[in-house]
Amino acid sequence: MISISEEKKRFFEEKGYLVLENLLSPEEIKYYQKVYDAFLNNEIDSGDFRSDLSGSEVQAVEKITQIMVPGRLHPELLAKPAHQRTLEVARLLLGEDMALDFDMLINKAPHTNAPTPWHQDAAYWIDLPDKRAVSCWIAIDKATKENGCMWYVPGSHLGAIKPHVQTGNKGALKCDGSEADGDCIELEPGSCVIHQGKTLHYSRGNTTSLHRRALITNYRPEAMIALERSKGVDHTGLRKVNTES
Ligand SMILES: O=C(O)CCC(=O)C(=O)O
């Protein structure tokens, strides 16, 4: 069972992010590495749910592979520790009505050096009356500055949604942000960093010879998920910009 100290809860409320170490055991990480590679090698077909977040138009070199809803494509994932434990985390931090909205895989291929631009996740989402949301970014490989670990601007979740623009060919959304204002979060495999919907974040490109694989789960209140679905939003890949604060 997961427990989160009051001090950590306060940190999450104030800074908008929080590191949780050793969410997965070394044995569990091996399972995720195997399944992850099956997605990357197309042994598990992700069809239209796979795209290049870098917006690169040259299809032969996928720089940042993003695969949406892996738990829908390979349902056994939903009952495994990463999903089960991050659901517990979401409920401990934001309430018992939190449920899985969507999950995704984001891999930075070796020597591709494509940063994920500064953005707030809420810019991707429709405006919802209940804004509670948490994303859990789980390192499947060691995440370092050089291979593209996450950076967060502490306290940025307390402000408005900044103006965002789309990059490249249907690539990621981007807003202003700077490493000088950010906290750099390097992680061991199996550790996790969680953030709120408006927390400003980014990652550098991968300049190393190894992959940088991350599994991300996202939670929000059940009633808000039902509202999203009633409006046709299921996070399978459409990139629209939300300008509401
Ligand atoms: O993995 C990355 O580089 C970006 C991840 C991200 O933006 C997110 O999980 O919201």
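Start at 1 and go down the list; that is how both ligands and their atoms are numbered.
Partners of H201 by ring-ring contact (aromatic ring centres under 6.0 Å, His included), not counting sequence neighbours, listed by chain and number: H119, Y152, H195. Residues satisfying the salt bridge (Lys or Arg N to Asp or Glu O under 4.0 Å) test with E28, not counting sequence neighbours, are R85.
Sorted by chain and number, the residues within 4.0 Å of ligand 1 by heavy atom are M104, I106, K108, T116, H119, D121, W137, M150, H195, H201, S203, R212, I216.
For N42, the CG atom counts as densely surrounded, since its 6.0 Å shell holds more than 12 non-hydrogen atoms of other residues, nucleotides or ligands.
Residues I216 and L200 do not share a hydrophobic cluster, clusters being chains of Ile/Leu/Val/Met/Phe/Trp/Tyr side chains in contact below 4.5 Å.
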Let me check something: any side-chain donor-acceptor pairs from residues 180-190 under 3.5 Å, sequence neighbours excluded? List them with distances.
{"residue": "D183", "atom": "OD2", "partner": "Y17", "partner atom": "OH", "Å": "2.6"}
{"residue": "E186", "atom": "OE2", "partner": "K145", "partner atom": "N", "Å": "2.7"}
{"residue": "E188", "atom": "OE2", "partner": "K142", "partner atom": "NZ", "Å": "2.7"}

Quiz prompt | Verdict with reasoning, S54 to T112, per side chain to side chain contact (heavy atoms under 4.5 Å, CB included) | solution = CA-CA 10 Å; S54 78; T112 45; over 6 Å; no

